[in-house]
Amino acid sequence: MKILIKHGTIITRDKTETNRDILIENGRISRIGEGINEAADQVIDATGLAVLPGLVDAHCHLRDPGYEYKEDIRTGSMSAAKGGFTSIACMPNTNPVIDNESIVRTIMDKASREGVVNIYPIGAITKGLEGNELSEMGSMKEAGIVAVSDDGRPVMQASVMKKALIYANGFGLTVISHCEDLNLAEGGSMNEGETCTRLGLHGIPSAAEDVMVSREIILSEYTGMPVHIAHVSTRGSVEMIRQAKKRGVRVTAETCPHYFTLTEKACEGYNTNAKMNPPLRTQEDVDAVIEGLRDGTIDIIATDHAPHHFDEKNVEFELAPNGIVGFETALPLALTYLVRPGILTLNQLVDKMATRPAEILKINKGDIRVGADADLVLVNLDEEYIIDPDEFLCKSKNTPFGGFRVYGRVKYTFVGGKIVYNDK
């Protein structure tokens with residue numbers, strides 16, 4: 001099947017090309033140019049639209065297997081496609097935990113049958129996410145994982161994390177660290193500070209994140225092995241990562257849209273849809289995260305898409321689970337809060353949401369070039385609208401962004417040359 005995309009503006013990490021045509025044949029990009037008039041089965045007029053590489057999410061939760069009432073591979077991947085994501089890496093805190101080859105193969109098989117985007121499982125660092133014994137990383141790599149993480153639970157023992165960095169590197173696997181000192185964070189449900197005190201809630205100090213980020217940097221520097229820091233939220237973490245990179249430490253980092261758009265004040269009124277881990281911080285932390293994105297300290301933007309059933313969030317704040325959905329809000333929030341104010345260029349945003357995540361995960365995605373898989377997203381960058389959670393394709397609607405006015409609507413998403421989302 002041939003599809004011809006006409007008159008789009010192609011935006012990649014390296015360049016912007018206006019009035020370009022893209023010919024897709026057999027799932028791949030066969031030609032890029034101007035004035036391509038070859039006969040095609042379908043012609044799409046992309047006049048006024050940006051053509052981006054399909055977005056790559058290095059950190060999400062699909063809840064499958066075990067928690068399909070929150071989300072499953074089918075609904076999660078449909079939501080990802082609507083948000084412009086064509087490749088997503090799902091975390092291992094499922095039931096059972098993704099800590100062995102059998103579970104990986106089960107997920108890969110279900111993804112091939114029910115998923116509409118490329119799905120890459122992330123294996124657990126330790127068996128059962130218990131932080132003690134390393135998982136079977138080699139066999140899981142053969143089955144299809146692209147990284148390892150105990151996300152949701154930190155690896156508290158430094159000796160175990162040191163071994164994990166060395167062991168995972170032998171298989172070419174990225175280690176993604178959930179940086180949280182449980183002893184400092186114990187009993188907390190939001191950022192420690194004035195708002196927390198006023199609401200009468202137990203707080204989580206920024207030091208809980210900073211201490212563990214410091215440890216991972218030290219271990220990476222000591223072993224010479226790379227480490228990726230998940231969901232950076234504090235100014236202390238940003239500065240430590242910045243200085244480590246200057247020393248040549250092999251550290252990369254991500255943040256999420258909620259950490260450059262919201263502060264702890266979103267929790268006022270005991271809004272459980274603003275409860276997450278790490279928690280929303282202060283304006284000073286938000287400013288530091290934004291500067292970290294601007295100067296390249298923070299390499300990528302991930303969603304940390306974490307669906308929960310309405311009944312689970314509709315409880316007392318301290319009893320509610322952490323996390324928000326993010327597939328369908330990440331791109332418009334980034335366009336609205338980073339690109340339109342001039343903090344990032346569109347090319348830099350493509351790098352942080354497509355090209356660089358693919359590099360960190362070591363998958364051949366995130367670019368537009370002849371011969372590449374036709375994983376593309378067509379976006380109307382100037383379309384303004386109000387986020388309505390009732391329109392989400394994911395099962396759960398737990399978001400603090402309902403009612404936000406944003407720019408940038410996905411019009412088409414292609415995966416392997418197939419249209420998997422069309423905003424009709």
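Residue numbers count from 1 along this sequence. Side chains are part of it too, since the values below use all heavy atoms of this structure and drop only hydrogens, waters and symmetry mates.
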Response to the item:
Exactly one candidate in Thr282, Asp285, Asp210 meets side chain to side chain donor-acceptor pair (under 3.5 Å) with Thr234; the answer is Asp210
Worksheet item: With under 30° as parallel and over 60° as perpendicular, where do the rings of Phe317 and Tyr270 fit, or are they tilted in between?
Response: perpendicular
Discussion item. My understanding is that only one of Ile229, Leu219, Val148, Asp150 makes a side-chain contact (heavy atoms from CB on, under 4.5 Å) with Val175; could you say which?
Written reply: Val148
Discussion item. Quick test of your reading of the model: are Glu328 and Lys397 salt-bridged, counting only N-O distances below 4.0 Å?
Written reply: no
Discussion item. Is the distance from the ring center of His61 to that of His305 below 6.0 Å?
Written reply: no
Fill in: Crowding at NZ, Lys162 (>12 non-hydrogen neighbours, <6.0 Å)
no
Worksheet item: Closest approach of Ile29 and Ile32, non-hydrogen atoms and distance?
Response: CG2-CG1, 3.7 Å
Worksheet entry | Ser135 side chain vs Ala124 backbone, donor-acceptor pair below 3.5 Å | yes
Worksheet item: Thinking salt bridges, do Arg409 and Glu383 make one under a 4.0 Å N-O criterion?
Response: yes
Worksheet entry | Exam field: side chain Thr86 to backbone Val117, donor-acceptor pair closer than 3.5 Å | no
Item to complete: Search all heavy atoms of Thr355 against all heavy atoms of Gly366 and return the closest pair with its distance.
Response: OG1-O, 2.8 Å
Practice prompt. Compare all side-chain heavy atoms of Leu293 with those of Lys352 and state whether any distance is below 4.5 angstrom.
Written response: yes
Discussion item. Strictly below 4.0 Å, N to O, side chains only: are Glu101 and Arg105 in salt-bridge contact?
Written reply: yes
Worksheet item: Does the pair Asp373 and Lys365 meet the rule for a salt bridge (Lys or Arg N to Asp or Glu O under 4.0 Å), with working shown?
Response: CA-CA 8 Å; Asp373 292 337; Lys365 301 291 183 180; 2.7 Å; yes
Worksheet item: Quick check: are there more than 12 heavy atoms from other residues, nucleotides or ligands sitting under 6.0 Å from OH of Tyr385?
Response: yes
Discussion item. Show every salt bridge (charged side-chain N to carboxylate O under 4.0 Å, His left out) that has at least one partner inside residues 300-318, sequence neighbours left out.
Written reply: Lys70-Glu312
Worksheet item: Is it true that a side-chain atom of Asp57 and a backbone atom of Thr303 form a donor plus acceptor pair closer than 3.5 Å?
Response: yes
Worksheet item: Is Thr413 reaching over with its side chain to a backbone N or O of Lys82, donor-acceptor style, under 3.5 angstrom?
Response: no
Worksheet item: Counting only heavy atoms not in Arg215, do more than 12 sit closer than 6.0 Å to its CZ atom?
Response: yes
Worksheet entry | Minimum-distance pair of heavy atoms, taken over all atoms of Ile301 and Leu349 | CD1-CD1, 4.0 Å
Response to the item:
Tightest non-hydrogen contact, residues Cys394 and Glu71, listed as CB-OE2, 3.1 Å
Worksheet item: How long is the gap from CG on Asn364 to CG on Leu361, to the nearest 0.5 Å?
Response: 12.5 Å
Fill in: Ion pair Asp367/Arg369, N-O distance below 4.0 Å
yes
Worksheet item: Is there a donor-acceptor contact under 3.5 Å linking the side chains of Asp64 and Thr94?
Response: no
Worksheet item: In terms of side-chain heavy atoms, does His202 have a donor or acceptor partner in Ser189 at a distance below 3.5 Å?
Response: no
Worksheet item: Does the pair Arg113/Asp109 count as a salt bridge with the N-to-O cut at 4.0 Å?
Response: yes
Worksheet item: Under the 6.0 Å and 45° cation-pi test, does Arg340 pair with Tyr407?
Response: yes
Worksheet item: About how many Å separate CE of Met161 and CD1 of Ile218, when rounded to the nearest 0.5 Å?
Response: 13.0 Å
Worksheet item: Sequence neighbours excluded, which residues qualify as salt bridge (Lys or Arg N to Asp or Glu O under 4.0 Å) partners of Lys245?
Response: Asp299
Item to complete: Report yes or no: does Arg28 contribute a side-chain atom to a donor-acceptor pair with the main-chain N or O of Val370 at less than 3.5 Å?
Response: no
Worksheet item: Does the pair Arg198/Glu268 count as a salt bridge with the N-to-O cut at 4.0 Å?
Response: yes
Discussion item. Walk me through whether Arg63 and Asp72 qualify under salt bridge (Lys or Arg N to Asp or Glu O under 4.0 Å).
Written reply: CA-CA 6 Å; Arg63 307 302 191 200; Asp72 58 40; over 6 Å; no
Practice prompt. Establish, for the pair Arg281 and Tyr259, whether the NZ or CZ atom is under 6.0 angstrom from the six-membered ring centre and no further than 45 degrees off its axis.
Written response: no
Item to complete: Find the distance between CE (Met140) and OG (Ser102) and round it off to the nearest 0.5 Å.
Response: 12.0 Å
Item to complete: Check whether any side-chain N or O of Ser220 sits under 3.5 Å from a backbone N or O of Glu216 as a donor-acceptor pair, and report yes or no.
Response: no
Fill in: Rounded distance (nearest 0.5 Å) linking atom CD1 of Ile22 with atom CD1 of Ile5
5.0 Å
Practice prompt. Taking Lys275 for its side chain and Leu280 for its backbone only, find out whether a donor-acceptor pair lies under 3.5 Å.
Written response: no
Worksheet item: Going from CZ on Arg13 to CD1 on Ile368, what distance comes out if it is rounded to the nearest 0.5 angstrom?
Response: 13.0 Å
Practice prompt. Show your working on side chain to side chain donor-acceptor pair (under 3.5 Å) between Gln283 and Thr263 and close with a plain yes or no.
Written response: CA-CA 6 Å; Gln283 187 61 52; Thr263 70; 5.2 Å; no
Worksheet item: At their closest point, which heavy atom of Val286 faces which heavy atom of Thr261, and how far apart are they?
Response: CG1-N, 4.5 Å
Worksheet item: Is a side-chain donor or acceptor of Asn398 paired with a backbone partner of His308 at a separation under 3.5 angstrom?
Response: yes
Item to complete: Determine whether the side chains of Asp295 and Thr297 contain a donor N or O and an acceptor N or O closer than 3.5 Å.
Response: yes
Worksheet item: Nearest heavy-atom pair of Pro154 and Glu180: which atoms, and what distance?
Response: CG-O, 3.0 Å
Fill in: Check against side chain to side chain donor-acceptor pair (under 3.5 Å), Thr16 and Asn347
CA-CA 7 Å; Thr16 299; Asn347 308 90; 3.1 Å; yes
Practice prompt. For side chain to side chain contact (heavy atoms under 4.5 Å, CB included), just list the numbers for Phe260 and Leu338, CA-CA rounded to whole Å, side-chain angles, deciding distance to a tenth of an Å, and then say yes or no.
Written response: CA-CA 9 Å; Phe260 61 75; Leu338 298 177; 3.6 Å; yes
Item to complete: Would you check if the side chain of Asp99 reaches a backbone N or O of Gly128 as a donor-acceptor pair within less than 3.5 Å?
Response: yes
Worksheet item: Are Ser87 and Asn118 close enough that a side-chain donor and a side-chain acceptor fall under 3.5 Å?
Response: yes
Worksheet item: Is it true that atom NZ of Lys418 has more than 12 heavy atoms of other residues, nucleotides or ligands lying nearer than 6.0 Å?
Response: no
Practice prompt. Determine whether the side chains of Thr126 and Glu130 contain a donor N or O and an acceptor N or O closer than 3.5 Å.
Written response: no
Worksheet item: How would you list, by chain and number, every residue that makes a salt bridge (Lys or Arg N to Asp or Glu O under 4.0 Å) with Arg153, sequence neighbours excluded?
Response: none
Discussion item. Just by distance, no angles: are the side chains of Ser237 and Glu209 close enough, under 3.5 Å, to form a donor-acceptor pair?
Written reply: yes
Worksheet item: Charged N to carboxylate O under 4.0 angstrom, Lys411 versus Asp423?
Response: yes
Discussion item. Check this for me: does any side-chain nitrogen of one of Glu133 and Lys127 sit under 4.0 Å from a carboxylate oxygen of the other?
Written reply: yes
Worksheet item: Under 3.5 Å, is there a donor-acceptor pair linking the side chains of His231 and Glu254?
Response: no
Practice prompt. Return yes if some donor-acceptor pair links the side-chain N/O of Gln348 with the main-chain N/O of Thr345 below 3.5 Å, else return no.
Written response: yes
Item to complete: Look up atom CE in Met212 and atom CD1 in Ile217, then write down how far apart they are to the nearest 0.5 Å.
Response: 12.5 Å
